[in-house]
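Quick note: residue numbers are just sequence positions, from 1. Any value given below was found using the heavy atoms of this structure, including those in side chains, with hydrogens, waters and symmetry copies removed. What you see is a predicted model; the values in this text were computed from it and never measured.
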Amino acid sequence: MPIVAVVWIAFNPTDNIWPHLISTTLPRYMRTTLLLMVCVGTLAGVMGTVTAWLVSRYRFPLSGWLEWLLLLPLAIPAYVGAYALVDLLEYAGPVQTWLRGVMGWKTSRDYWFPEIRSFGAAVIVLGAALYPYVYLLARQAFREQSAATEEVARSLGSNAWGRFFRVGLPLARPAIAAGMAIAMMETVNDFGTVDYFAVQTLTTGIFTVWLESNNAGGAAQLASVVLVLVIFLVTMEKVSRRKTRFFAMSGRHRAVTRVPLNGAGAWGAMVICALPFLIGFVMPAGVILHHALRNAEVWQDPALYTALWNTLYVGGIAAVLTVLAAVFMVYGVRLSGRSLPRLLLPITTIGYAAPGAVLGVGILIPLATFDNWMADMIEAATGVDIGLVLTGSAVALIFAYGVRFFAIAQGAADAAMGRVSPSLPMAARSLGRTKGQVLRQIYAPLIRGSVGSALLLVFVDAVKELPATLLLRPFNFDTLATRVHEQASLENLGDASPAAILVVLVGLAAVAMLARANR
């Protein structure tokens, strides 16, 4: 419904500003978005691939710790990293203040310092926040490669660089491409970072055209461009490897033994792996924690705990409903035995590829139309004005979270049920159990861990989601993400820091669960 609504509104706008967009802002939005996607995807790909190769192939100081610490930037929303970077490096920040004190400089005219609120800074922040997607998939791909390939390459005279570029990298290319595609899709979805750095992308254009120009049709037209861009990205990723096949040719799979490094090589590998962790987690977490400790009175603000309750409320309901729906649908498809449900199930995951701003446009307009129609009908029949039930409450927001993150729940449920031997439910059915009893008594205990992980991941992503929340939240309804964004946009990082700390703590819980699952 959201996708169809976006396309319909784009082709049938109340006020068609498409010619104006094409002649003015659309080329700039498009050019900036494409360049940002390419730069962030490349940076995340390089950082994730190199660090994954080093921790999976070599032993060096702190390599065991860094293997898991490199996942921690997943707990930091990119917009929090942006606020922290600006606070640390701006003119009044501690770095430039220290430089002026040490060097005796008086004003900014006395020295050169790179512009912080810039396109380059946005690339660094987004790359440092999103590289774990590539790292996680690439590390798993490198681990699954057989030691036999390494030994053959070494026997043929290939050095370490040769084995990386000619053996390891080509075999891991599907995983790396998938991770880079996720990073680029998250780049398109981002609003907080690019808005704070004044980088004009298609997502910021949607907010500008809709909220500032009050033109829903123009916002839908920009949203449709984003949809086309995301579909093109996913299609190109699949087409690029459609003729490639990857098989384990050896009957005996032996894991690659990690080679110990010594001297400069060992310390160099440690520095290379530590830098993404320091930039992506230590720097933003340290800055936010510093402000949170300096402004202890902000923790007593009732608005903070109202935002916390709102976040737990909508995120928790969305996670439970999304996972229950995913389990119900996956189980139903398995029971049906028909091809049509199996073909339709993947379509339910398309929301994960759609940015939050696009879903906001596609959900709010049709739901608001239905809401007003329903309220008018009830008032005409009973004389009671019930108001806006769906868009005037958190229902639209919960629905958006379910659409956006259904792919996570569906993937976890499908993978978990796929690991259950078919003989178990068959035996239960032969003993007189109904289909519902089989789900409750056989599947539920066996998939409990995966369902719990899916609940946590959906909840964490809902907590961090900013664009859809900004568009769909009711009036005077703040979540932790919107509170962080609003306070930081007012250059009030002290008031934003407690909410940011709470968001990071929730993210850390998910990362810990993810690390445990990948041990």
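Under the 3.5 Å distance criterion, the side-chain polar atoms of Thr482 are left unmatched by any main-chain donor or acceptor of Asp478. Side chain of Asn310 to main chain of Thr306: a donor-acceptor pair is present (N/O by atom type, distance under 3.5 Å, no hydrogens or angles). A distance-only check finds no donor-acceptor pair linking the side chain of Thr204 to the backbone of Gln200 [under 3.5 Å]. Under the 3.5 Å distance criterion, the side-chain polar atoms of Tyr111 are left unmatched by any main-chain donor or acceptor of Met103. Side chain of Arg57 to main chain of Val259: no donor-acceptor pair is present (N/O by atom type, distance under 3.5 Å, no hydrogens or angles). Panel note: side chain Thr201, backbone Thr33; no donor-acceptor pair is recorded below 3.5 Å. Here the side chain of Thr391 pairs no donor or acceptor atom with the backbone of Ala368 at under 3.5 angstrom. Side chain of Tyr131 to main chain of Gly280: no donor-acceptor pair is present (N/O by atom type, distance under 3.5 Å, no hydrogens or angles). Using modelled atom types, one side-chain atom of Ser497 and one backbone atom of Gly494 make a donor-acceptor pair closer than 3.5 Å. Judged purely by atom type and a 3.5 angstrom limit, Gln96 uses its side chain to pair as donor or acceptor with the backbone of Leu89.
The minimum heavy-atom distance between Val209 and Gly218, with the atom names listed, is CG1-C, 3.6 Å. A pairwise comparison of heavy atoms in Leu85 and Ala121 identifies CD2-CB, 4.2 Å as the closest pair. Across all non-hydrogen atoms, the minimal contact from Val484 to Ala500 is CG2-N, 3.4 Å. A pairwise comparison of heavy atoms in Leu26 and Leu202 identifies CD1-CD2, 3.9 Å as the closest pair. Taking every heavy atom of both residues into account, Leu472 and Ala396 meet most closely at CD1-O, 3.9 Å. Scanning both residues, Ala5 and Gly362, for their nearest heavy atoms gives CB-O, 3.4 Å.
By the side-chain hydrogen bond (donor to acceptor under 3.5 Å, both in side chains) test, Asp461 pairs with no residue at all, sequence neighbours left out.
A donor atom on one side chain and an acceptor atom on the other are not found under 3.5 Å apart for Tyr133 and Glu186. Of the N and O atoms on the side chains of Tyr401 and Thr469, at least one donor lies less than 3.5 Å from an acceptor on the other residue. Residues His291 and Asp87 bring a donor and an acceptor atom of their side chains to less than 3.5 Å of each other. The closest side-chain donor-acceptor pair between Asp190 and Thr193 falls under 3.5 angstrom.
By the 6.0 Å contact criterion, CH2 on Trp299 is enclosed, its count of non-hydrogen atoms from other residues, nucleotides or ligands being greater than 12. Around atom CZ of Arg28, more than 12 heavy atoms belonging to other residues, nucleotides or ligands sit under 6.0 Å away.
At a threshold of 4.5 Å between non-hydrogen side-chain atoms, the residues Val504 and Ile288 do not count as touching. Taking 4.5 Å as the limit, every side-chain heavy atom of Met184 sits out of range of all side-chain heavy atoms of Leu130. Between Trp210 and Asn215, the closest side-chain pair of non-hydrogen atoms is not below 4.5 Å. Side-chain contact between Met30 and Leu229: present, with at least one pair of heavy atoms (C-beta onward) separated by less than 4.5 Å. Between Phe399 and Met1 there is a side-chain heavy-atom pair separated by less than 4.5 Å. A 4.5 Å side-chain heavy-atom check between Leu466 and Pro77 finds every atom pair outside the cut-off. Side-chain contact between Leu278 and Met283 is absent, with no heavy-atom pair separated by less than 4.5 Å. Side-chain atoms of Met270 and Phe60, non-hydrogen and from C-beta on, do get closer than 4.5 Å to each other.
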| query | Which is it for Tyr91 and Ile116 under the side-chain contact (heavy atoms from CB on, under 4.5 Å) test, yes or no, and what are the steps along the way? | reply | CA-CA 9 Å; Tyr91 179 78; Ile116 303 305; over 6 Å; no

| task | Evaluate the side-chain contact (heavy atoms from CB on, under 4.5 Å) criterion for residues Val287 and Leu493: first the C-alpha distance (whole Å), next the side-chain angles of each, then the deciding distance (0.1 Å), finally the verdict. | result | CA-CA 10 Å; Val287 171; Leu493 199 58; 4.2 Å; yes

| request: Please step through ring-ring contact (aromatic ring centres under 6.0 Å, His included) for the pair Phe191 and Phe207, ending with a clear verdict. | output: CA-CA 9 Å; Phe191 173 73; Phe207 280 84; 4.0 Å; yes

| request: Apply the test side-chain contact (heavy atoms from CB on, under 4.5 Å) to residues Leu312 and Phe459: give CA-CA distance (whole Å), side-chain angles for both, the deciding distance (0.1 Å), then the verdict. | output: CA-CA 8 Å; Leu312 298 175; Phe459 174 74; 3.6 Å; yes

| request: Show the numbers, then the answer: is there a side-chain contact (heavy atoms from CB on, under 4.5 Å) between Tyr135 and Ile176? | output: CA-CA 8 Å; Tyr135 168 77; Ile176 296 170; over 6 Å; no

| query | Checking ring-ring contact (aromatic ring centres under 6.0 Å, His included) for the pair His485/Tyr196: CA distance, chi angles, key distance, verdict? | reply | CA-CA 9 Å; His485 172 70; Tyr196 197 66; 8.4 Å; no

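With respect to the salt-bridge test (charged N to carboxylate O, under 4.0 angstrom), the residues Glu491 and Arg117 qualify. Between Asp110 and Arg100, none of the side-chain N atoms (NZ, or NE/NH1/NH2) sits under 4.0 Å from a carboxylate O, so this pair counts as no salt bridge. Salt-bridge annotation for Arg473 and Glu465: absent, with no side-chain N of the basic residue lying under 4.0 Å from a carboxylate O of the acidic one.
Atom CG of Asn189 is separated from atom CG of Leu359 by 8.5 Å, given to the nearest 0.5 angstrom. Residue Ile408 holds its CD1 atom at 9.5 Å from OG1 of Thr322, rounded to the nearest 0.5 Å. Here the straight-line distance linking atom CG of Leu136 with atom CD1 of Ile182 works out to 9.0 Å at 0.5 Å rounding. Interatomic distance, Thr203 OG1 to Asp195 CG, rounded to the nearest 0.5 Å: 10.5 Å. Residue Thr479 holds its OG1 atom at 7.5 Å from CG of Leu397, rounded to the nearest 0.5 Å. For the atom pair Tyr313 OH and Phe477 CZ, the distance stands at 7.0 Å (nearest 0.5 Å).
For the pair Arg483 and Trp309, the NZ or CZ position fails the cation-pi test of under 6.0 Å to the six-membered ring centre and within 45 degrees of the ring normal.
In this structure, Phe164 and Phe142 have tilted ring planes: the angle between them lies in the 30° to 60° band.
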